[in-house]
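Taking it in order: structure first as structure tokens, then the write-up.
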Amino acid sequence: MKDKYPFAEIEPKWQAFWRDNGFFATDTSKVANKYYCLMMFPYPSAALHVGHGRNYIIGDAVARYKKMHGLSVLTPMGWDAFGLPAENAAIKTGKHPRTTTLNNIATMKEQLATWGVCYDWDREVTACQPDYYKWTQWLFLQTYKRNLAYRARGQVNWCPSCKTVLANEQVVEGKCERCDAEVDKRSMEQWFLRITDYAQRLLDDLSKLGGWPERVKTMQTNWIGRSEGTRVDFQLVPKQGEAAGGKAVVSCFTTRVDTIFGCTYMVLAPECPQLADMVKGLPQEKDVLAYARDAAAKPALDRTSDTREKTGVFTGRYVINPFNNQKVPLWVADYVLMEYGTGAVMAVPAHDTRDWAFAKRYGLEIRISIQNAEKNLVLSGMENAYVEDGTTVDSGEFSGMPNRQAIPKMTEYAACQGFGAAMVHYRLRDWLISRQRYWGAPIPIIYCKDCGVVPVPEKDLPVLLPDNVEFKPTGESPLARCEEFMNVKCPKCGKPARRESDTMDTFVDSSWYFLRYLSPHDTTQALNSETCNNWMPVDQYIGGVEHAILHLMYARFFTKMLFDMGLVKFDEPFAHLFTQGMICKRSEIDGQLYKMSKRKGNVVNPEALIRDYGADTVRLYTLFIGPPEKDAEWNDQGIEGAVRFLRRLWRRVYDNRDVLMSVGGVKCDLAAMGEKERGLYRKLHETIGRVTHDMEGDFHFNSAIAEIMELMNALDECGVSADSGIQQKAVYREVLETGIALLSPFAPHICEELWQEFGHKTSILKASWPKADQAALVRSSVEVVIQINGKVRDRMTVDVGLASKDLEKLAMAREAVSKHVEGKTVRKVIVVADKLVNIAVS
RNA sequence: GCCCGGGUGGCGGAACGGCAGACGCAAGGGACUUAAAAUCCCUCGACUGUAAGGUCAUGAGGGUUCGAUUCCCUCCCCGGGCACCA
């Protein structure tokens, strides 16, 4: 048994050992040396494949590594268990979403165990269980109390296939992120959370997140989309026959107020609510309203395609540019968006490409107000808008300024004159959380004829999701047809009332789960402030980059709300974020590289691999496959390399068992070592340094593993036998034993087994992480490279610490050097101590 | 269009401004074996030489430097985010 690596035997044994001895159970009442290591909790969709596995394996390696540093590591796990896929499956198969979800959870839990991935399972949270969603509902009530939740009618994204509204974040290129159907706009009454109140803080506090990848912060910055500009109010010229002196204005938002003297018309979005009033009774009325109706009805995808020709119509009205009191025509056009700025745009065709295209098409005036550096910009020579910087011209008292400087001056002027102001616009919209679906937490609101909107009293929580519901989607929430759910007494007046029938977006569930892990069984409150303050923020958060915007923004938002409510004392939840890359595989169908999916036929199941190679091999290969933050290509043959390495490791211990045991108590002694074992011993300590460095940096497991492999190659080269000297034997043993400790976060089962084989009575998790011995790193001689003009021509072994002059002398004396220097002039000699000599000749 | 990444052998990938290709996979050759598996040894960027060696090579072109995969500039390609955003 011992000559073959018996992974199938040892792996379940150690998994049970870790579990039964509570190695991953963490006492959060103790605060010292806390390390909160969190993996994004998964949606329990179905069985995990090796692509999913990467996330958990990385997290487990980090947790084990940190444990060996003596930290009190918290690694909980839970389930993002509400959501559409289970419901969609239910519609297809007729099975209740609760059944499928709970089954999937059981399957996945088992899978995680077979990987040797360990969690503090006592803290498991499941978003679809009442003991969790009770508190999700409670949190909703808190937002409502603080006026951060509101109900409004608005144009919302509607997926005709999923038959529900979607958050802006769930619409990708005009399509539903789930089913790819084109998303419509619908006017509906919905619940929103006021995330826009936090836009500036969400933006500013990104600078606190030094442990986050730059790209994630950039994505959030883009998403928040702050733009600074100026609001300018244009007076609406009264209709013919209408009394003059009306105060009606049309406000526009611009980031380029410096160009305003070049404004030759103004444009409204087709959805502009004042439009109908403005054109009432005009000859253009019919055409304008017809145009606006058509334009607004176009699918979002059509509307935002930038290759499409812009269209528009003149409204028949005029507005006055307050900067020069010029009357300019007012148009309505489809290229102006109601959701951005004020829904009205001052058009400066000379300096904006969109306005240029529109003005050219409809023959509108173009007027230059920014001159280029060469001062040769003329209308007749322009083929497109001039959008670069320059000097303001024909701009009244603002003429002759560098245009960037004109912006604050002109904004200030507008403010003083009372027709404008500096204005900051955010792209971020409020978060629409209503879903017309069944499988989610009911929104705890009651509608009463007399009292209006009444929040469910906290004592009545949870509002239980009823089981007996026809959940086929119709556009109305399935709950609306469940009379025993809907009919309720008004908590205020006691008269019959109706419940809100929508459920909450599942992203609400996942916006606070990391706090619940800290007091998962508390039936009296959502979170324990003291424990949260002690254990938060999460020290290391690990998950997929696909959550860079949605989940990570919402979780930050929730944390900030809780901070404002005084429930917690931190306002950012995740100190360090690690986003791992996806594992892809070439599809057997078309040979292209795709992320693993059933449809592409490129899913690799872990079960067969664990059966054939063992979990440690799967873990090792998964970590070795490439830098963990980058996407990687799964190679079925690559796993062979991993298992070969573990087999060799196994054999080194058992083949040399007697020799190794014979030096059980013998200390490695540098002074007593021969050259061979001293080299190996140095290699060991170099490896400790490098592996530690790779782990402390960006979790470069691939390099760390490569270094351990190198160490084992060096071990082979040194070799050992019964006849070897005592120090050689001792060093051999030390390298194996320490190498096993270094490898244990990645391949824990085999390392635990071999560790015990070396006579240790406690788990390798209790062993401390190896430290590099500085004395071992000292060398007496080094190899120095000799370059001629930067090219390596020779190398020599010299004593360490040789003076530059001596090194140079030695180098010049070399035959290979004289050959290259002969007949040439030595211009310069660069000496880097203990490293190289570079001779520049010409 | 704007903002992030990235481009290194047949492949995945290593390289504090200092020996490019560590480590692994694949491939080829050999040993062991009745055979296979497993294991072990050797070769393995391109071109050129019998060889020692030489030349060229990190997307392309410039620059800084004694020396550049690494720093700077310009450009090309790939991936990602945002986008008729005023």
Side-chain angles (χ1 to χ4, degrees), chain A residues 3-4 172-173 213-227 229-230 252-257 259 267 269 303-310 333-337 339-348 351-355 357-358 387 425-427 545-546 548-549 581 620-621 624-627 629-642 644-645 647-648 651 690 693 700 702-713 716 783-795 816 819 826-832 835-842:
Chain A
D3 55 342
K4 260 204 155 174
V172 179
E173 282 173 14
E214 216 48 51
R215 73 176 159 153
V216 173
K217 290 193 274 185
T218 310
M219 281 161 79
Q220 293 211 354
T221 304
N222 285 344
W223 189 260
I224 295 168
R226 182 182 205 270
S227 75
T230 313
C252 66
F253 172 74
T254 178
T255 54
R256 291 294 307 274
V257 70
T259 64
V267 199
R303 183 85 183 275
T304 51
S305 154
D306 47 6
T307 50
R308 223 191 85 258
E309 282 246 46
K310 306 169 194 343
D334 56 4
Y335 75 97
V336 174
L337 306 174
E339 327 62 279
Y340 195 83
T342 58
V345 169
M346 68 169 210
V348 186
H351 304 297
D352 181 283
T353 50
R354 294 153 302 179
D355 298 343
F358 192 78
V387 296
H425 185 270
Y426 300 94
R427 209 193 68 100
V545 75
E546 65 273 18
I549 296 174
L620 195 68
Y621 176 62
F624 187 62
I625 196 166
E629 73 279 8
K630 281 208 223 152
D631 288 354
E633 184 185 338
W634 185 270
N635 177 350
D636 286 329
Q637 285 152 335
I639 201 146
E640 290 283 352
R644 279 204 278 261
F645 174 71
R647 278 191 209 128
R648 274 168 72 195
R651 279 200 315 270
R690 289 204 194 118
H693 178 264
H700 281 157
N702 57 327
S703 300
I705 292 166
E707 282 142 12
I708 299 170
M709 287 174 168
E710 265 187 80
L711 177 66
M712 292 302 146
N713 290 345
D716 276 1
E783 191 179 60
V784 167
V785 167
I786 304 172
Q787 300 179 324
I788 312 286
N789 287 343
K791 274 187 186 146
V792 178
R793 296 299 181 184
D794 199 6
R795 49 195 77 215
K819 204 172 85 189
V826 174
R827 296 273 169 223
K828 201 171 183 181
V829 179
I830 306 287
V831 180
V832 181
K835 215 173 223 171
L836 69 91
V837 179
N838 188 9
I839 303 162
V841 298
S842 62

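Throughout, a chain's letter reflects where its sequence line sits, starting with A, and its residues are numbered from 1. This is a predicted model, so every value here is computed, not measured.
- The nearest heavy atom of RNA chain B to A/Gly641 and to A/Ile830 marks one nucleotide each, and the one closer to the 5' end goes with A/Gly641.
- Put simply, CZ on A/Arg647 and CD on A/Glu640 are 6.5 Å apart, with the number rounded to the nearest 0.5 Å.
- B/C3 and B/C72: their P atoms are spaced 16 Å apart (whole Å).
- Positionally, the nearest nucleotide of RNA chain B for A/Val216 lies more toward the 5' end than for the other of A/Val216 and A/Thr254.
- Nucleic acid contact class of A/Arg795 (heavy atoms, under 4.0 Å, all strands): base.
- The CD1-P distance, from A/Ile639 to B/C25, rounds to 12 Å in whole Å.
- Here the side chain of A/Arg354 is nearest to one of B/C19, B/A86, B/C23, namely B/A86.
- Nucleotides B/A37 and B/A46, compared at atom P, are 28 Å apart to the nearest Å.
- In this structure, of B/A14, B/U39, B/C82, it is B/C82 that holds the atom nearest to the side chain of A/Asn222.
- Across B/A15 and B/U8, the matching P atoms stand 15 Å from one another, rounded to whole Å.
- For A/Ser703, whose side chain is taken as the heavy atoms from C-beta onward, the closest listed nucleotide among B/G81, B/A86, B/A14 is B/A14.
- Neither OP1 nor OP2 of B/G5 sits under 4.0 Å from any side-chain N or O of A/Lys217.
- Heavy atoms of A/Glu783 sit under 4.0 angstrom from at least one base atom.
- Taking the C1' atom of each, B/G17 and B/U58 are spaced 15 Å apart, rounded to whole Å.
- For the P atom pair drawn from B/G79 and B/C85, the interatomic distance equals 23 Å after rounding to whole Å.
- Residue-to-nucleotide contacts include no donor-acceptor pair under 3.5 Å from the side chain of A/Glu640 to the base of B/G24.
- Side-chain N/O atoms of A/Asn838 and base N/O atoms of B/C66 include a donor-acceptor pair closer than 3.5 Å.
- If you take atom P in B/C73 and the same atom in B/C25, they sit 40 Å apart, rounded to whole Å.
- In this structure, A/Asn713 reaches the B/G24 phosphate: one of its side-chain N or O atoms is under 4.0 Å from OP1 or OP2.
- Close to B/C40, at under 4.0 Å from its OP1 or OP2, lies a side-chain N or O of A/Arg651.
- Atoms CE and CG, from A/Met709 and A/Asn713 in turn, are 8.5 Å apart once rounded to the nearest 0.5 Å.
- Taking only side-chain atoms of A/Ala706, from C-beta outward, the nucleotide of B/A22, B/C82, B/G24 with the closest atom is B/A22.
- For the atom pair CD of A/Glu633 and CD1 of A/Ile625, the computed distance is 8.0 Å after rounding to the nearest 0.5 Å.
- In RNA chain B, consecutive stretches of 3 or more Watson-Crick or G-U wobble pairs with both distances under 3.5 Å are given as paired ranges: B:1-7 with B:76-82, B:10-12 with B:23-25, B:27-31 with B:39-43, B:45-48 with B:53-56, B:59-63 with B:71-75.
- Note: A/Asn702 CG to A/Glu707 CD = 9.0 Å, rounded to the nearest 0.5 Å.
- Comparing the P positions of B/A22 and B/G13 gives a spacing of 15 Å, expressed to the nearest Å.
- Nucleic acid contact class of A/Lys835 (heavy atoms, under 4.0 Å, all strands): base.
- Across B/G13, B/A38, B/C85, the shortest atom-to-atom separation from the side chain of A/Tyr340 is found for B/C85.
- With B/A22, B/G81, B/C84 as the choices, the nucleotide that has an atom nearest any side-chain atom of A/Glu710 turns out to be B/A22.
- Checking B/G81, B/G18, B/A15 against the side-chain heavy atoms of A/Met219 singles out B/G81 as nearest.
- In this structure, A/Glu214 reaches neither bases nor backbone, as no heavy-atom distance under 4.0 Å exists between it and the strands shown.
- Which of B/C85, B/G18, B/A20 sits closest to the side chain of A/Val832 comes down to B/G18.
- Across the C1' atoms, B/A31 and B/A36 are found 16 Å apart, a figure rounded to whole Å.
- Base orientation of B/G28: anti, the glycosidic angle falling outside 90° of 0.
- Between A/Gln787 and A/Leu836, the shortest heavy-atom contact is OE1-CD1, 3.9 Å.
- Among the nucleotides B/C25, B/C85, B/C4, the one closest to any side-chain atom of A/Thr218 is B/C4.
- Nucleic acid contact for A/Ile625: sugar-phosphate only, since backbone atoms but no base atoms lie under 4.0 Å from a heavy atom of the residue.
- Contact annotation: A/Asn702 side-chain N/O to B/C23 OP1/OP2 distance is not under 4.0 Å.
- For A/Arg648, counting side-chain heavy atoms from C-beta on, the closest listed nucleotide (B/C84, B/G24, B/C19) is B/G24.
- Ring geometry for A/Trp634 against A/Tyr621 counts as perpendicular: the plane angle is over 60°, on a 0 to 90° scale with 30° as the lower cut.
- As a whole-Å value, the separation of A/Gln637 CD from B/G13 C1' is 16 Å.
- Rounded to whole Å, atom C1' of B/A14 lies 9 Å from atom CD of A/Glu707.
- A donor-acceptor pair is defined here as one N or O able to donate and one able to accept, closer than 3.5 Å; such a pair exists between the side chain of A/Asn789 and the backbone of A/Val841.
- When heavy atoms are screened at a 4.0 angstrom cut-off, A/Arg793 is found touching the sugar-phosphate backbone but no base atom.
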